[in-house]
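Working notes, beginning with the structure itself.
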There are 2 protein chains.
Amino acid sequence: MRNDTEEQPRTPPRTPPAAAEAHRAELEATLRANGHRVTEPRRAVWAALHRASEHLTVEELTAEITAVGADVDLASVYRTLDLFEQLGLARMSRLGDTDAGRWELAHPDEHFHLVCLVCGNVDHHVGSLVAGIREHLEQGHGFEPERVELVVSGRCRRCREDGQT
Amino acid sequence: MRNDTEEQPRTPPRTPPAAAEAHRAELEATLRANGHRVTEPRRAVWAALHRASEHLTVEELTAEITAVGADVDLASVYRTLDLFEQLGLARMSRLGDTDAGRWELAHPDEHFHLVCLVCGNVDHHVGSLVAGIREHLEQGHGFEPERVELVVSGRCRRCREDGQT
DNA sequence: CTAAATGCAAACTCTTTGCAGATCC
DNA sequence: GGATCTGCAAAGAGTTTGCATTTAG
């Protein structure tokens, strides 16, 4: 009764589906590990984020999802993205120019350095900053960033509080 | 018929008023030079931007203005700020986090570098990016930036268009 | 079965716009 | 005097929220 065209083969198929599998598993693991449920809208948003080549607005993301057959409400997409952000799975940015927020998968490799001129401490920071810079340049300047080196020197919170203003 | 309490003294007064004078003159010159009128709302917004120590939302800016006795409509503040932005007098930023845009005077010294890995060209860019980074760090991390060094390497627009994708 | 998540619609925030009347030059 | 600006109020985007219904575990 088994039908090859409907069931997944035992050997890994062509790359895209295999990757999709891995992504799906990653999502489910993260959700479950944090006590959240695995639902259709969440899978759909996750898949759309992976398919997207650019940072998408919530509206675009939703369109992407319905285009693939699924049907998710805007509100659910918003809620799902907020959750993903909490879980460190996705990230929003909006750099000065644009009105609507744009979403992307969170890449843990984006970081920058904060150097304190008082105590000499160097802080490695992961955050939306570098992603935001990339986006800004790509959209506003037509520049394709490969490496973003951001070093900010100044006074860290601790030294501000200790020292005289 | 001349009255000292109403006319400006011939010698420069205490510093703050003198600075305010200079600011006012700068605004008027810029406006007139570009064929715009000098109006009360524009003066008020300009003064408020100078008084502000931080980047303010339109709402805060308006409150600041009414607090000083003047009375300006929100819509006019929006229109005025748009004009100031066009004239290079003010700048808005909004870094990922915040919802409402925040305004500040435009400081021409904020710049960063774009290095093209293909043609080797180094572009000095003035823009809202550095200001946005400062704001982000100050508000989100309690870090007081003194120097922001941003170097982005990648492919410039020209090389992207010329070369193979 | 029950808590959690979704869809729908209404509410909210920030910003823009149309227009009549006020203002600058 | 005439084009430019302003204030007011209404409309627009983008996002959030309340609540009844559905769904995952």
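Chain A is the first sequence line, chain B the second, and so forth, proteins listed ahead of strands; every chain is numbered from 1. Remember, predicted model here, so these are calculated numbers, not experimental data.
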query: Is it true that Arg134(A) and Glu138(A) make a salt bridge, defined as a side-chain N closer than 4.0 Å to a carboxylate O?
result: no
field: More than 12 heavy atoms from other groups under 6.0 Å of CD on Glu40(A)
entry: yes
message: Below 30° counts as parallel, above 60° as perpendicular, anything between as tilted: where do the rings of His23(A) and His50(A) land?
response: parallel
- prompt: In residues 26-48 of chain B, which residues come under 4.0 Å of DNA chain D by heavy atom?
  reply: His36(B), Arg37(B), Thr39(B), Pro41(B), Arg42(B)
field: Side-chain heavy-atom pair Ile133(A), Phe112(B) within 4.5 angstrom cut-off
entry: no
message: If you define the side chain from C-beta out and look only at heavy atoms, does anything of Thr30(B) sit under 4.5 Å from Asn34(B)?
response: yes
field: Salt-bridge contact Glu144(B)-Arg157(A) (side-chain N to carboxylate O under 4.0 Å)
entry: no
- prompt: Salt bridge between Arg24(B) and Glu21(B), side-chain N to carboxylate O under 4.0 Å?
  reply: yes
4.5 Å side-chain heavy-atom contact, Glu60(B) and Trp103(B): no
Anything under 3.5 Å between a donor and an acceptor, one on a side chain of residues 66-82 of chain A, the other on a protein residue two or more places apart or in another chain? List them.
residue  : atom : partner  : partner atom : Å
Thr66(A) : OG1  : Thr62(A) : O            : 3.3
Thr66(A) : OG1  : Ala63(A) : O            : 2.9
Asp73(A) : OD2  : Ala75(A) : N            : 3.0
Thr80(A) : OG1  : Ser76(A) : O            : 2.7

- line: Hits for side-chain hydrogen bond (donor to acceptor under 3.5 Å, both in side chains) against Arg51(B), two or more places apart or cross-chain, chain-then-number order -> Glu64(B)
Angle by which the axis turns from one end of the helix from dC1(C)-dG25(D) to dC25(C)-dG1(D) to the other, five pairs per end, to 10 degrees: 30°
- prompt: How many angstroms lie between atom CD of Glu104(A) and atom CG of Leu49(A), to the nearest 0.5 angstrom?
  reply: 9.0 Å
statement: Going 5' to 3' through nucleotides 14-21 of chain D and flagging B where a protein heavy-atom sits under 4.0 Å of the base, S where only the sugar-phosphate is that close, and - otherwise, we get SBBBB---
task: Kindly check if the number of other-residue, nucleotide or ligand heavy atoms within 6.0 Å of CD (Glu26(A)) is above 12?
output: yes
task: Shoot me the first and last contacting nucleotide of DNA chain C against chain B, ordered 5' to 3', at under 4.0 angstrom to non-hydrogen atoms.
output: dC14(C) to dC25(C)
